[in-house]
Amino acid sequence: MTYSVAVSGASGYAGGEILRLLAAHPDIEIRTVTAHSNAGQPLVQHQPHLRSLAHLTLQDTTPEILAGHDIVVLALPHGQSGQYTDALGDVPLVIDAGADHRLTSQDAWDAFYGGTFHDAWSYGVPELLVDGTKQRERLRGATRIAAPGCNASTVSLSLAPGVAAGVIDPGDIVSVLAVGPSGAGKSLKTNLLASEVLGTANPYAVGGTHRHIPEIRQALAAAVPASTGASGDGIRISFTPVIVPMSRGILATSTAPIVPGASDADIRAAWQNAYGDETFVQLLPEGVFPRTADVLGANTALIGLAIDRAANRVTVVAAVDNLVKGTAGAAIQSMNIALGLPEDRALSVNGVAP
């Protein structure tokens, strides 16, 4: 079966990456691409690397144009998807790459985003531990999927095994991320100009203000097995992203205290048991740590683990391509699961080098 797809926000970075991956998907026909201010222009004018899609023209983003497809993928700024998802009830599968359907708590939405709150959809991180199982079980047959925030899924995948196994204390998490500016989208912003980014590292959303914080807390709370009787309410994270001069990629360094009694073998086993059989989330050998260069263009999260007994903390270093595993790849991986297709269809573990 071939599924017809419409992609909104097709002139942006996330929309362009979704289209790049879908263009190689044998079960997908990209029928419609839409945008706002760029409607009426050739797609290739805004995505000149997508040569196989040069025949497509950007149309207006309206419910009427998006309807009538088997799948609709929304790659819109935060707060804009909800107005369309409410009107797409007849579309069999809708995937939102924005934040509108990620959070279960309206209080968290109001505090970090504001505007109209929409119900949470199935969270599009298949490998994430949820109450002793994997999130992929909740994606099978799903009709509404919320693709993750790139920083949020990177930190959550980094730490969920330790939280689930009870070997780290999630009440004192510190995460510092080096991120490429493509994660902020394609809109013109002074702080994202090349002259402002090249040759420097720029922290932003410092002091607990980044919008991905409640998403991380939500994911890590869900990793706590109900059978333990423990609560996920005590998760606290100090989260600091830093823009660095690379167009794409995230290198997340996260630390958390070791729980008394947890041995080195227990700690490493928590991550090995969680990801040992996964294709797209891979734990590296002891003493080996990833680079963002190793995952560019790939749907892979590479994780390095260190046990710092002097500081009594576990250090986890994770590398992802923010536009692939962080967004578009996660969306398509989740789409494959929902449709009953091979999970790795149109996705690769191989990056691009140099």
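Because the structure is predicted, anything quoted here is derived from the model rather than measured.
As a member of the Ile/Leu/Val/Met/Phe/Trp/Tyr network built from side-chain separations under 4.5 Å, L88 groups with L66, V72, L74, L76, Y84, V91, V94, W121.
Looking only at distances, no side-chain donor or acceptor of T300 sits under 3.5 Å from a matching main-chain atom of L302. Formation of a donor-acceptor pair under 3.5 Å by the R102 side chain with backbone atoms of G98 is found in this model. Counting only distance, with no hydrogens or angles, the side chain of T292 and the backbone of A319 share no donor-acceptor pair below 3.5 Å. H101 places a side-chain N or O within 3.5 Å of a backbone atom of D119 that can act as its donor or acceptor partner. Counting only distance, with no hydrogens or angles, the side chain of R313 and the backbone of T255 share a donor-acceptor pair below 3.5 Å. A side-chain donor-acceptor contact under 3.5 Å links S182 to the backbone of S247. Although no hydrogens or angles enter the test, the distance criterion places no donor-acceptor pair under 3.5 Å between the side chain of N299 and the main chain of L347. T327 contributes no side-chain N or O that, together with a main-chain N or O of V324, makes up a donor-acceptor pair within less than 3.5 Å. The backbone N or O of I65 sits nowhere less than 3.5 Å from a side-chain atom of Q59 that would complete a donor-acceptor pair. Remark: side-chain polar atoms of N322 are paired, donor with acceptor, to backbone N or O of G249 under 3.5 angstrom.
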Practice task
Output, in order, the C-alpha distance, side-chain angles, deciding distance and verdict of salt bridge (Lys or Arg N to Asp or Glu O under 4.0 Å) for R248 and D321.
Solution key: CA-CA 6 Å; R248 59 164 81 196; D321 184 322; 2.9 Å; yes

Practice task
In sequence, state the C-alpha distance, the side-chain angles, and the governing distance for D86 and H118, and then conclude on side-chain contact (heavy atoms from CB on, under 4.5 Å).
Solution key: CA-CA 9 Å; D86 291 344; H118 297 274; 3.5 Å; yes

Practice task
Determine, step by step, whether L53 and V44 satisfy the side-chain contact (heavy atoms from CB on, under 4.5 Å) criterion, reporting the C-alpha distance in whole Å, the side-chain angles of both residues, the deciding distance to 0.1 Å, and the verdict.
Solution key: CA-CA 7 Å; L53 303 179; V44 75; over 6 Å; no

Practice task
Show your reasoning for whether side-chain contact (heavy atoms from CB on, under 4.5 Å) applies to L283 and R268.
Solution key: CA-CA 9 Å; L283 177 65; R268 188 160 186 90; 3.9 Å; yes

Exercise for the section: Applying side-chain contact (heavy atoms from CB on, under 4.5 Å), run through L251 and R291 and close with a yes or a no. Expected result: CA-CA 7 Å; L251 188 73; R291 311 174 303 164; over 6 Å; no

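Taken to the nearest 0.5 Å, the CD1 atom of I267 stands 4.5 Å off from the CD1 atom of I307. If you take CZ on R211 and CD1 on I216, they are separated by 14.5 Å, rounding to the nearest 0.5 Å. Atom CD of Q218 is separated from atom OG of S105 by 8.0 Å, given to the nearest 0.5 angstrom. Expressed to the nearest 0.5 Å, how far CG of L341 lies from CD1 of I332 amounts to 12.0 Å. Annotation: the span from S263 atom OG to I258 atom CD1 amounts to 10.0 Å, rounded to 0.5 Å. Atom CD of residue Q80 and atom OG1 of residue T85 lie 12.0 Å apart, to the nearest 0.5 angstrom.
For T57, there are no side-chain contact (heavy atoms from CB on, under 4.5 Å) partners two or more places apart in sequence or in a different chain. With sequence neighbours left out, H69 forms a ring-ring contact (aromatic ring centres under 6.0 Å, His included) with no residue at all. H25 meets the ring-ring contact (aromatic ring centres under 6.0 Å, His included) test with no other residue; sequence neighbours excluded.
Under 3.5 Å, the side chains of T200 and N202 contain a donor-acceptor pair of N or O atoms. No donor-acceptor contact under 3.5 angstrom links the side chains of E196 and T190, judged on distance only. No hydrogens or angles considered: a donor-acceptor pair under 3.5 Å links the side chains of S81 and D96.
Remark: of the listed residues E343, E278, E127, E278 is the sole one forming a salt bridge (charged side-chain N to carboxylate O under 4.0 Å, His left out) with K134. With S175 as the partner, the side chain to side chain donor-acceptor pair (under 3.5 Å) test is satisfied by one option alone out of S254, S158, S238: S254. Looking at Q135, H212, E215 one by one, the single match for side chain to side chain contact (heavy atoms under 4.5 Å, CB included) with P148 turns out to be E215.
The two residues A205 and P241 come nearest to each other via the heavy atoms O-CD, 4.1 Å. Listed here is the closest heavy atom pair of A142 and S122: CB-OG, 3.9 Å. Listed here is the closest heavy atom pair of S52 and A23: OG-CB, 3.9 Å. Smallest separation of non-hydrogen atoms from A223 and V163: CB-CG1, 4.5 Å. In terms of heavy atoms, P214 sits closest to A108 at CB-CB, 3.8 Å.
A centroid separation of less than 6.0 Å is found between the aromatic rings of Y204 and H210.
Transitive grouping of hydrophobic side chains (ILVMFWY, heavy atoms separated by less than 4.5 Å) brings F239 and I250 into a common cluster. Linking ILVMFWY side-chain heavy atoms closer than 4.5 Å, directly or via other members, places V244 and L323 in two distinct hydrophobic clusters. No continuous path of hydrophobic side-chain contacts links L220 to V317 [ILVMFWY only; heavy atoms under 4.5 Å]. Residues Y123 and F117 share a hydrophobic cluster, clusters being chains of Ile/Leu/Val/Met/Phe/Trp/Tyr side chains in contact below 4.5 Å. L43 and L21 fall within the same hydrophobic cluster, where Ile, Leu, Val, Met, Phe, Trp and Tyr residues are linked whenever their side-chain heavy atoms come under 4.5 Å apart, directly or through other members.
Among pairs with a residue in residues 263-306, none fulfils ring pair (Phe, Tyr, Trp, His ring centres under 6.0 Å), at least two apart in sequence or across chains. Pairs of residues two or more places apart, or lying in two chains, never qualify as ring pair (Phe, Tyr, Trp, His ring centres under 6.0 Å) while including a residue from residues 32-62.
Heavy atoms of other residues, nucleotides or ligands lying less than 6.0 angstrom from CD of E286 number 12 at most. Within 6.0 Å of CG in N273 there are more than 12 heavy atoms belonging to other residues, nucleotides or ligands.
Using bins of under 30°, 30° to 60° and over 60° for the plane-to-plane angle, the ring pair Y113/H78 lands in the perpendicular bin.
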